[in-house]
Amino acid sequence: MGVRFEELAWRETPIGLISLRRRRDPQLDVEVYEVKLDDEYLMSSLFPVAEIELARLGLAALSGQGLDVVVGGLGLGYTARTALCDERVGSLLVVEAIEDVIDWHRRELLPFAAGLAADPRTRFVRADFFAAVADGSGFDPREPGRRFHAVLLDVDHSPRNVLHPAHAAFYTPDGLRRLAAHLHPDGVFALWSDDPPDADFEAALSEVFRTARAHVVAFANPLTGGRSANTVYVAQR
């Protein structure tokens with residue numbers, strides 16, 4: 001019998017204690033990887049569907065080859081890894097505020113994200129995504145002013161339920177305009193949310209982007225035996 005619970009990594013950060021743990025779920029007979037911030041669960045490998053769809057839906061709106069993509073928030077790596085499965089992606093810049101999270105992937109602690117760090121298209125940038133948007137510095141410190149074809153964001157629980165009060169301004173029309181300035185014409189911004197579609201946020205997206213749509217992503221919930229849902233917003237310049 002294997003170990004039922006193991007804390008793989010942890011670190012005190014400006015927003016709290018972040019930890020990565022692995023446990024064996026005896027009921028489901030699977031290994032579960034979870035990220036916690038203090039006592040709050042941020043993500044679980046039991047529920048990767050919407051994180052995967054964030055990449056698929058965001059990139060589906062684009063045409064052409066050699067796409068330059070930003071992923072904001074690395075987490076368990078599902079969104080970034082799925083983006084790399086799209087052969088049209090030429091470069092992937094992963095913006096993550098916590099160095100330890102990047103280190104999890106460099107050390108390959110997450111088997112389902114294997115190959116992410118080693119892929120030559122991937123580059124990690126340790127930075128605050130929201131600060132990079134707010135101050136206009138952009139996402140690539142090697143190339144100030146660089147524009148991208150897609151920005152895929154999964155950090156906060158939702159536009160209304162943010163991990164830090166400083167993030168709230170990003171979800172306003174002014175914040176979204178600053179984000180859009182880092183996109184090519186016809187570029188895409190896609191966002192994961194744990195909440196149902198938010199009409200006010202959809203209105204803010206529509207004020208800035210040419211098109212905006214909220215996709216409800218439903219999936220089986222093995223803990224309840226029922227179904228749950230997240231939202232993926234996709235907006236295009």
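On a predicted model such as this, the values are computed, not experimentally measured, just so you know.
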Check [X] against [Y] and note the closest heavy-atom contact, atom names and distance.
{"X": "Thr231", "Y": "Ala214", "value": "CG2-CB, 4.0 Å"}
{"X": "Leu76", "Y": "Tyr33", "value": "CD1-O, 3.9 Å"}
{"X": "Val217", "Y": "Ala50", "value": "CG1-CA, 4.0 Å"}
{"X": "Val234", "Y": "Ala61", "value": "CG1-CB, 4.5 Å"}
{"X": "Gly75", "Y": "Trp104", "value": "O-CE3, 4.4 Å"}
{"X": "Glu96", "Y": "Leu74", "value": "OE1-N, 2.9 Å"}

Check for a donor-acceptor pair, side chain of [X] on one end and backbone N or O of [Y] on the other, with a separation under 3.5 Å.
{"X": "Arg146", "Y": "Phe139", "answer": "no"}
{"X": "Arg147", "Y": "His182", "answer": "no"}
{"X": "Asp38", "Y": "Leu17", "answer": "yes"}
{"X": "Tyr233", "Y": "Asp198", "answer": "yes"}
{"X": "Thr79", "Y": "Ala55", "answer": "no"}
{"X": "Gln236", "Y": "Asp186", "answer": "yes"}
{"X": "Ser228", "Y": "Asn221", "answer": "no"}
{"X": "His149", "Y": "Asp68", "answer": "yes"}
{"X": "Arg121", "Y": "Leu84", "answer": "yes"}

Should [X] and [Y] count as side-chain neighbours, where that means a heavy-atom distance under 4.5 Å?
{"X": "Pro197", "Y": "Val216", "result": "yes"}
{"X": "Arg237", "Y": "Arg210", "result": "no"}
{"X": "Phe129", "Y": "Val151", "result": "yes"}
{"X": "Tyr78", "Y": "Ser45", "result": "yes"}
{"X": "His164", "Y": "Val162", "result": "no"}
{"X": "Leu179", "Y": "Phe209", "result": "yes"}

Straight-line distance of [X] [atom1] to [Y] [atom2], nearest 0.5 Å:
{"X": "Asn230", "Y": "Glu53", "atom1": "CG", "atom2": "CD", "answer": "11.0 Å"}
{"X": "Arg81", "Y": "Leu92", "atom1": "CZ", "atom2": "CG", "answer": "10.0 Å"}
{"X": "Leu37", "Y": "Ile98", "atom1": "CG", "atom2": "CD1", "answer": "7.0 Å"}

Is the Tyr171 ring parallel, tilted or perpendicular to the Phe130 ring (thresholds 30°, 60°)?
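Taking Phe130 first and then Tyr171, their aromatic rings sit tilted (interplane angle of 30° to 60°).
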Could you tell me whether Arg160 and Asp195 have a side-chain N and a carboxylate O separated by less than 4.0 Å?
no
Could you state whether Phe112 and Val35 fall into the same hydrophobic cluster, counting links through intermediate Ile, Leu, Val, Met, Phe, Trp or Tyr residues with side-chain heavy atoms under 4.5 angstrom apart?
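Linked, Phe112 and Val35 end up in one cluster.
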Contacts of type side chain to side chain donor-acceptor pair (under 3.5 Å), residue Arg106, not counting sequence neighbours
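By the side chain to side chain donor-acceptor pair (under 3.5 Å) rule, Arg106 matches Glu99.
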Applying side chain to side chain donor-acceptor pair (under 3.5 Å), name anything that partners Arg177, two or more places apart in sequence or on another chain.
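Result, side chain to side chain donor-acceptor pair (under 3.5 Å) vs Arg177: Asp174, Glu207.
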